[in-house]
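Down below is the structure, laid out as structure tokens.
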Amino acid sequence: MSEPVLVGNQLLELREQFENPEQQRETASIGMWVFLITEVMMFGGLFTAFTVYRLSNPAAFNEGSKEMTIVLGAINTALLILSSFTMALAVYSSSIGKTKLLAIFLIITMIIGLCFLGIKFTEYYLHYQDHKVPGFWFEYHGPSARQVQMFFVFYFILTGLHVIHMTIGIGILLVMLYRTLLGSFSATYHTAVDLAGIYWSFVDIIWIFLYAIFYIPGLHLK
Amino acid sequence: MQLQDQVHIGGSADMTIETIAEPVRKNYLNDKQGILSWLLTTDHKRIGLLYTFSITVLFFIGGFFALMMRLELLSPRNWLVSTETYNKLFTMHGIIMVWFFLIPSIPNTIGNFVIPLMIGAKDLAFPKLNLASWYVFMLGAGVTIYALFRGGVDTGWTFYTPFSTGYSTTYVIAAAMGIFISGFSTIMTSVNFIATIHRMRAPGLTWFRLPIFIWSMYANSVVLVLNTPVLAITLVMVAVERVFQVGIFDPALGGDPVLFQHMFWFYSHPAVYTMVLPGMAVISEIVPVFSRKPIFGYTAVAFSSVGIAVIGFLVWGHHMFVAGESVYSAMAFSLLSYFVAVPSAIKVFNWTATMYKGSVSWDTPMLYAIGFIGLFTIGGMTGLFLAALGLDVHVHDTYFVIAHFHYIMVGGTVMAFLGAFHYWWPKISGKLYPEGLGKLGAMIVFLGFNLTFFPQFVLGYLGMPRRYAAYPEEFQMLHIISTAGATILGVGYILPLCYLIWSWKYGKPAGPNPWRATGLEWQTSSPPPTHNFKKTPVVNVRAYDYEAMKEQLGLREREFENV
Ligand SMILES: [Cu+2]
């Protein structure tokens, strides 16, 4: 399938459809960016629907937001920003060919990602205890109970989709770690790590928006 | 023998000198044998054929539902199927034709096959992703067929809420799942095309030397990348509301059904253009070849595809003129819907201008292309009727709308699909199809099509609503004509299927360039070798350069004389 090509002093896998390693790298990168555009559109659809309903029920959506545990959300936000930083360090280490450092930063990033998921599921459990799971067990006393439930519907769809993306991200990092340990990456070839980094940062950025729309609006009601 | 490595420009069946010297040439079809070599292939040409196979089967399934509907409509009263079954028939017809035929039809078959050839690449940018997209497509189709066998869906292909989320008792989620899955395959292919067109072009092949086909497919892929995810997430919301009975779109649960329509048509209006842009791509290739002239107004045609892609995203509200949209947004959407007709008109005028004073030959692909131009124009013009606010209120949800979009989708896209298969068939199979039967088929399709759908304009204008199994008696005559036309159309579709398959085995060898066309895909042998070209071609001419070709051909003929 792929033939090794000498680039600098490093043997590199060049897939058969490409003429040279540079073309291979640029093509992979454009593929990733276009894929991220599809992700933006997918989350964008949900954000749009959320915004439409928020504009028609601002008070109820703030009441819903009041039910969030702001501390946990804030910790998670901090964790993800930190993980973006460690991921960036991983990408940097790979670009200067320090594969040991690369492996370490990948592991740190994954651990932070897992902590995020742990806290997220703790929050889900708290919602469950509060009877705030629409469709299964939802109780809310007040005139705008239905709109508050809608807030939670979007909360679960959006954060759920984000959790899926985080899980996929951790899976990708695991593959990167495996390939690092195999010795696939070097200063001359590290495209896959770059792309994993772009994906990871994208998922982080999505969370920042989620934090802003779900956690912060109800803050003043507490 | 020394001719073999040269670029073939004037090859035809009796001029293939190299076939005499070397009877069995290695090509993508005989390179590897066995069913596994097909199921695990990463060759874009083979994947194109896998898609062709699946899409043809699905087309005939969708066509079968259409036939059942037409038979039912022979009589003003229910006589063949119950009204419930009729609802399922038009729903399944729509779902299968839209998502499992029209959207993937030209891009995933012909596009897959010719894009790398046209730009002088060895393959698409991501061959494994390409194969994966076929499997994902098959999975999506499988889930939809499962919904079908469990009893089908009756919501209409539009899945309007709250009927789809609350009241329908049919297999809505399974069908939506099937569409959701097939969306991933669409995205995979589009990402692949975009990356390929950006980065895999042969040396010297600048953007403005590209064939128009590539421009249109690029615009098409961009639209699909932007709109498919929105449909996916909308269907997810429908499924969530239906399963958990929590309010998103159902007004009884606090949701807004019009929001669903906005999101659905934000996807589905651009989707209409993703069904017809590939058709336009094909016509832009066929018309210059059979007029022996470069395409008129290359830049205008190229940018009109981009224009369609952009404006196509701003007109979705014209589906909702009677759905409680504000007057002001209705006016804006109406105006923009007029604007979107401009780039399409630019294309039509430029195709006709290309034919003007050209030496036009009436081969089968050209017949399909001319059919496309005529029918697409009628479909497009009646689209303007529907963009007019007052008239739309009158003909909304009638057969007028049905006729309008079938003139675009069937008269346009399916004609282009057939034209494309005839045009590139010699490249795909290495064989010539029987030209006489080809012309006959094109004529039957054209006749059958008009007989089926023209009466529906009249029906709609007279007030026959869509999606009804029974109707007042005064409409019967027009319905009978339409059904008669549909049977002729059916024959017109089966005929090419038969002789194309026949010619695969028994057709005359085509030679590398039977149409004497420009374009890189005609410079390699037919069928092409697995990696398309023996040497990466270098391009230093513009597209459709038939003047230069004439000169070169003169030279080549003299060379042949010397041989
Ligand atoms: Cu539309």
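Values in this document were obtained by computation on a predicted structure and should not be read as measured data. All chains are named by letter (A, B, ...) in the order of the sequence lines, taking the proteins before the strands, and each is independently numbered beginning at 1.
The greatest number of non-hydrogen atom pairs below 4.5 Å with chain A, out of B:L224, B:V230, B:L226, is found for B:L226. Your options are B:E241, B:H262, B:H198, and the one with the most heavy-atom pairs under 4.5 Å with chain A is B:H198. The most heavy-atom pairs under 4.5 Å with chain A, out of B:I194, B:V191, B:L129, come from B:V191. Taking chain A as the reference chain and counting heavy-atom pairs below 4.5 Å, the highest number among B:V225, B:D123, B:V236, B:T536 is found for B:V225. Your options are A:E39, A:Q23, A:Q147, and the one with the most heavy-atom pairs under 4.5 Å with chain B is A:Q23.
Residue contact with chain A, scored on non-hydrogen atoms closer than 4.5 Å, is absent for B:A121. Heavy atoms of B:S221 lying under 4.5 Å from chain A are absent altogether. Only the side chain of B:I187 comes within contact range of chain A, judged by heavy atoms closer than 4.5 Å. For chain A, the nearby parts of B:I248 are the backbone and the side chain; heavy atoms of each come within less than 4.5 Å. Both the backbone and the side chain of A:F18 come within contact range of chain B, each with at least one heavy atom under 4.5 Å from a heavy atom of that chain. Interface residue B:H531: only side-chain heavy atoms are found under 4.5 Å from chain A. Proximity to chain B is limited to the side chain of A:F154, based on heavy atoms less than 4.5 angstrom apart. For a residue to count as touching a neighbouring chain, one of its non-hydrogen atoms must lie under 4.5 Å from one of that chain's; by this rule B:L124 touches chain A with the backbone only.
Atom CH2 of A:W33 is surrounded by 12 or fewer heavy atoms from other residues, nucleotides or ligands within 6.0 Å. For B:Y135, the OH atom is densely surrounded, since the number of other residues' heavy atoms within 6.0 Å is greater than 12. In this structure, A:M32 places its CE atom where more than 12 heavy-atom neighbours from other residues, nucleotides or ligands lie under 6.0 Å away. Surrounding CZ of B:F313 are more than 12 heavy atoms belonging to other residues, nucleotides or ligands, all under 6.0 Å away.
The side-chain heavy atoms of A:Q17 and B:M200, taken from C-beta on, include a pair separated by under 4.5 Å. Put simply, the side chain of A:F156 does not reach to within 4.5 Å of the side chain of B:V240, judged on heavy atoms. Under the 4.5 Å side-chain criterion, counting only non-hydrogen atoms from C-beta, A:M41 is in contact with B:F266. At least one side-chain heavy atom of A:L161 sits less than 4.5 Å from a side-chain heavy atom of B:I233. When side chains are defined from C-beta on, A:L46 counts as touching B:M237, because their heavy atoms get closer than 4.5 Å.
Note that OG1 of B:T42 is 5.5 Å distant from CD of A:E16, once rounded to the nearest 0.5 Å. Taking CE of A:M42 as the start and CG of B:L231 as the end, the distance is 11.5 Å to the nearest 0.5 Å. Here the straight-line distance linking atom CZ of B:R199 with atom CD of A:E19 works out to 14.5 Å at 0.5 Å rounding.
Between A:G45 and B:M263, the closest heavy-atom pair is O-CE, 3.3 Å. Taking every heavy atom of both residues into account, A:T27 and B:A195 meet most closely at CG2-CB, 4.0 Å. What you find for B:G247 and A:V153 is that their closest heavy atoms are O-CG2, 4.5 Å.
Between the side chain of A:R146 and the backbone N or O of B:A252 there is at least one donor-acceptor pair closer than 3.5 Å. Listed for the A:Y53 side chain is no donor-acceptor partner under 3.5 Å among the backbone atoms of B:G254.
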